[in-house]
Colleague: 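Starting off with a structure, shown below.
Only heavy atoms go into these numbers, but all of them, side chains included; no hydrogens, no water, no symmetry mates.
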Amino acid sequence: MQAYARLIATCLDEHYALATGTGAMALLRPIGWMRIFSRPETLAAALEQAETARRDYGIGFAALDGKALAAAEPSLLVERAGAIHWTDPVSVSDPHTLTLAYAGMFTAEGGRFAIGDATTLRRAGAGWQVQTEAGPVEAAEVVVALGAAAGQVTGPLGYAPPIFGKRGYHMHYGLRGNAVLHRPILDTESGFLLAPMRAGIRLTTGAEFARTDAPPTPVQLERAEPVARSLLPLADRVESTPWMGVRPCTPDMLPIIGPLPGQPGAWCAFGHAHQGLTLGPTTGRLLAEMMTGETPFVSPEPYRAERF
């Protein structure tokens with residue numbers, strides 16, 4: 001927990017360092033998120049934990065009773081005992097557009113993108129070569145940042161991390177009439193999240209464990225939707241099929257960041273589980289400092305590949 005906290009504590013500063021003064025800044029909304037509770041005793045226990053988090057880690061929150069929750073989110077269709085509003089997090093209204101904005105900054109600085117087959121990565125003299133649609137590309141150093149698929153590239157190079165994928169699904173919905181949702185809400189009773197996004201209200205699910213080549217099975221989403229409709233006046237689905245993504249996880253739930261064992265000039269940046277977008281800029285800075293011989297602004301020791 002402490003090792004992860006050291007990364008998470010930097011994430012907003014690193015995103016702002018990229019986004020400030022650009023169009024990406026409008027996508028980062030400092031609205032936090034709410035966890036809502038049905039039973040007073042569950043809320044009381046959670047508030048005790050929140051106080052500990054504030055004391056030990058400086059986490060900001062506000063406690064809301066049922067009346068304050070109804071005032072904060074007037075479109076809720078149900079009464080709840082109250083909520084914890086976690087006030088520190090930033091909500092990203094469109095992760096895809098934010099990623100494209102960062103990609104645009106990369107190309108503006110002279111970077112370029114090439115589509116290819118990462119499994120063709122091999123040694124080329126003192127450096128590396130990979131096959132792309134435009135032909136072979138060579139570089140002195142290479143970073144493997146392929147999420148749950150990273151092992152397909154590192155395995156042939158002698159490193160087979162115990163990485164696995166946890167699937168998640170989401171769907172966007174409209175809202176009926178003049179209903180609104182001001183911030184993301186996690187309903188403790190049912191275990192899913194509703195978040196206001198550019199595309200609509202996003203309904204998310206928990207985690208699904210499945211083999212890599214297994215077909216999508218959005219059972220959790222189908223079960224969650226009727227409950228979500230009892231919480232908010234959701235209109236029709238925006239998309240015809242649910243989105244599915246795979247979260248790359250490690251047994252200790254810490255990412256793998258640093259040199260690829262036994263392969264000078266190769267680096268790891270994967271295994272961020274549910275926090276890939278959150279920790280992208282932090283990981284990029286940490287790797288850049290390691291690769292250029294600077295003193296890393298966060299100790300990379302807990303995330304080293306050799307721990308597996």
Colleague: Does the side chain of Tyr303 come within less than 4.5 Å of Val298's, by heavy atoms?
Modeller: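 The answer is yes; the side chains approach within 4.5 Å.
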
Colleague: Tell me if a side-chain donor or acceptor on Thr132 pairs with a main-chain N or O of Ala134 at a distance below 3.5 Å.
Modeller: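 A pair under 3.5 Å: yes.
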
Colleague: Same cluster or not: Leu232 versus Leu193, using hydrophobic residues (I, L, V, M, F, W, Y) connected whenever any side-chain heavy atoms lie under 4.5 Å apart?
Modeller: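 No.
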
Colleague: Please check: side-chain N/O of Thr188 versus main-chain N/O of Ile36, any donor-acceptor pairing under 3.5 Å?
Modeller: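 Yes: the side chain of Thr188 pairs with the backbone of Ile36.
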
Colleague: Run Val144 and Cys268 through side-chain contact (heavy atoms from CB on, under 4.5 Å) and show every step you take.
Modeller: CA-CA 5 Å; Val144 179; Cys268 302; 5.8 Å; no

Colleague: Does a side-chain heavy-atom distance below 4.5 Å link Phe192 with Thr205?
Modeller: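 Answer no - side chains too far apart.
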
Colleague: Is a side-chain donor-acceptor pair under 3.5 Å present for His15 with Tyr102?
Modeller: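 Distance-only check passes for Tyr102 and His15.
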
Colleague: Testing the basics here: between Arg54 and Ile59, what is the closest heavy-atom pair and its distance to 0.1 Å?
Modeller: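 Result for this residue pair: CB-O, 3.3 Å.
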
Colleague: Can you tell if the side chain of Leu77 reaches within under 4.5 Å of the side chain of Pro233, non-hydrogen atoms only?
Modeller: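 In short, these two side chains touch, coming nearer than 4.5 Å.
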
Colleague: Any salt bridge linking Glu41 with Arg39? Criterion: basic side-chain nitrogen under 4.0 Å from a carboxylate oxygen.
Modeller: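 Counted as a salt bridge, because a side-chain N and a carboxylate O are separated by less than 4.0 Å.
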
Colleague: Just how far is it from atom SG of Cys11 to atom OH of Tyr16, taken to the nearest 0.5 Å?
Modeller: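 If we round to the nearest 0.5 Å, Cys11:SG and Tyr16:OH are 9.5 Å apart.
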
Colleague: side-chain contact (heavy atoms from CB on, under 4.5 Å), that's the test. Do Ser93 and Arg29 meet it? Break it down for me.
Modeller: CA-CA 7 Å; Ser93 61; Arg29 300 173 297 167; 3.6 Å; yes

Colleague: How far apart are the C-alpha atoms of Ile256 and Tyr159, what are their side-chain angles, what is the distance that settles it, and do they pass the side-chain contact (heavy atoms from CB on, under 4.5 Å) test?
Modeller: CA-CA 12 Å; Ile256 298 173; Tyr159 181 61; 3.7 Å; yes

Colleague: Just checking Glu222: does its CD atom have more than 12 heavy atoms from other residues, nucleotides or ligands closer to it than 6.0 angstrom?
Modeller: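 Yes, because the 6.0 Å sphere around CD of Glu222 holds more than 12 heavy atoms from other groups.
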
Colleague: Over 60° means perpendicular and under 30° means parallel, so tell me whether Phe113 and Phe106 are parallel, tilted or perpendicular.
Modeller: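 Ring orientation, 0 to 90° scale: perpendicular.
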
Colleague: Would you check if there is a donor-acceptor pair between the side chains of Gln220 and Tyr169 at a distance under 3.5 Å?
Modeller: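 No - no donor-acceptor pair under 3.5 Å links their side chains.
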
Colleague: Could you check whether atom CD of Glu79 has more than 12 heavy atoms from other residues, nucleotides or ligands sitting under 6.0 Å from it?
Modeller: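 Atom CD in Glu79 is not crowded, with 12 or fewer foreign heavy atoms closer than 6.0 Å.
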
Colleague: Please assess Leu277 against His272 for the test side-chain contact (heavy atoms from CB on, under 4.5 Å), listing each intermediate value before the final yes or no.
Modeller: CA-CA 9 Å; Leu277 182 69; His272 291 74; over 6 Å; no

Colleague: Would you say that Leu194 contacts Asp187 through its side chain, given a criterion of any heavy-atom pair below 4.5 Å between the two side chains?
Modeller: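 Answer no - side chains too far apart.
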
Colleague: So which of Thr283, Leu7, Thr250 actually passes side-chain contact (heavy atoms from CB on, under 4.5 Å) with Pro255?
Modeller: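 Answer after filtering Thr283, Leu7, Thr250: Leu7.
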
Colleague: Is there a chain of hydrophobic side chains (I, L, V, M, F, W, Y, each step under 4.5 Å between heavy atoms) that links Leu27 to Met25?
Modeller: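 Leu27 clusters together with Met25.
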
Colleague: Are Leu157 and Val137 connected in a single hydrophobic cluster, I mean Ile/Leu/Val/Met/Phe/Trp/Tyr linked by side-chain heavy atoms less than 4.5 Å apart?
Modeller: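 Cluster IDs for Val137 and Leu157 match.
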
Colleague: Starting from Leu121, can I reach Leu260 by hopping between I/L/V/M/F/W/Y residues whose side chains sit under 4.5 Å apart?
Modeller: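 Yes; Leu121 is reachable from Leu260 via cluster members.
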
Colleague: I'd like to know if the side chain of Arg176 and the backbone of Leu234 have a donor-acceptor N/O pair within less than 3.5 Å.
Modeller: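 Side chain of Arg176 to backbone of Leu234, a donor-acceptor pair under 3.5 Å: yes, one is there.
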
Colleague: For Ser75 and Val180, indicate whether the former's side chain and the latter's backbone hold a donor-acceptor pair under 3.5 Å.
Modeller: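 The answer is yes, because a donor-acceptor pair under 3.5 Å joins these two groups.
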
Colleague: If you define the side chain from C-beta out and look only at heavy atoms, does anything of Ile163 sit under 4.5 Å from Phe308?
Modeller: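 Sidechains of Phe308 and Ile163: no contact.
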
Colleague: Spell out, yes or no, whether Leu231 and Leu69 are grouped together once hydrophobic residues are joined by side-chain heavy atoms under 4.5 Å, including indirect joins.
Modeller: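 Both belong to a single hydrophobic cluster.
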
Colleague: Pairing donors with acceptors under 3.5 angstrom, does anything connect the side chains of Glu73 and His182?
Modeller: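 Looking only at side-chain atoms, His182 and Glu73 do not form any donor-acceptor pair under 3.5 Å.
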
Colleague: Just so I know, are the side chains of Leu76 and Leu181 near enough to count as touching, which here means a heavy-atom distance under 4.5 Å?
Modeller: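 Side chain of Leu76 against side chain of Leu181, heavy atoms only: no contact under 4.5 Å found.
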
Colleague: Would you mind listing every salt bridge (charged side-chain N to carboxylate O under 4.0 Å, His left out) that reaches into residues 115-133, with sequence neighbours excluded?
Modeller: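 Every pair satisfying salt bridge (charged side-chain N to carboxylate O under 4.0 Å, His left out) with a residue in residues 115-133: there are none.
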
Colleague: Is it the case that the side chain of Glu14 and the backbone of Leu279 share a donor-acceptor pair, with hydrogens and angles ignored and the cut-off at 3.5 Å?
Modeller: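 No: the side chain of Glu14 does not pair with the backbone of Leu279.
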
Colleague: Between Arg285 and Glu289, is the closest basic N to carboxylate O distance under 4.0 Å?
Modeller: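 So Glu289 pairs with Arg285 through a salt bridge.
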
Colleague: Is the shortest side-chain heavy-atom distance between Arg202 and Trp243 below 4.5 Å?
Modeller: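 No, every pair of side-chain atoms sits at 4.5 Å or beyond.
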
Colleague: How long is the span from the CZ atom in Arg35 to the OG1 atom in Thr42, to the nearest 0.5 Å?
Modeller: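 Separation between the atoms: 8.5 Å.
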
Colleague: Counting C-beta onward and ignoring hydrogens, is there a side-chain heavy-atom pair between Val143 and Met291 closer than 4.5 Å?
Modeller: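 Of all side-chain heavy-atom pairs linking Met291 with Val143, at least one is under 4.5 Å.
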
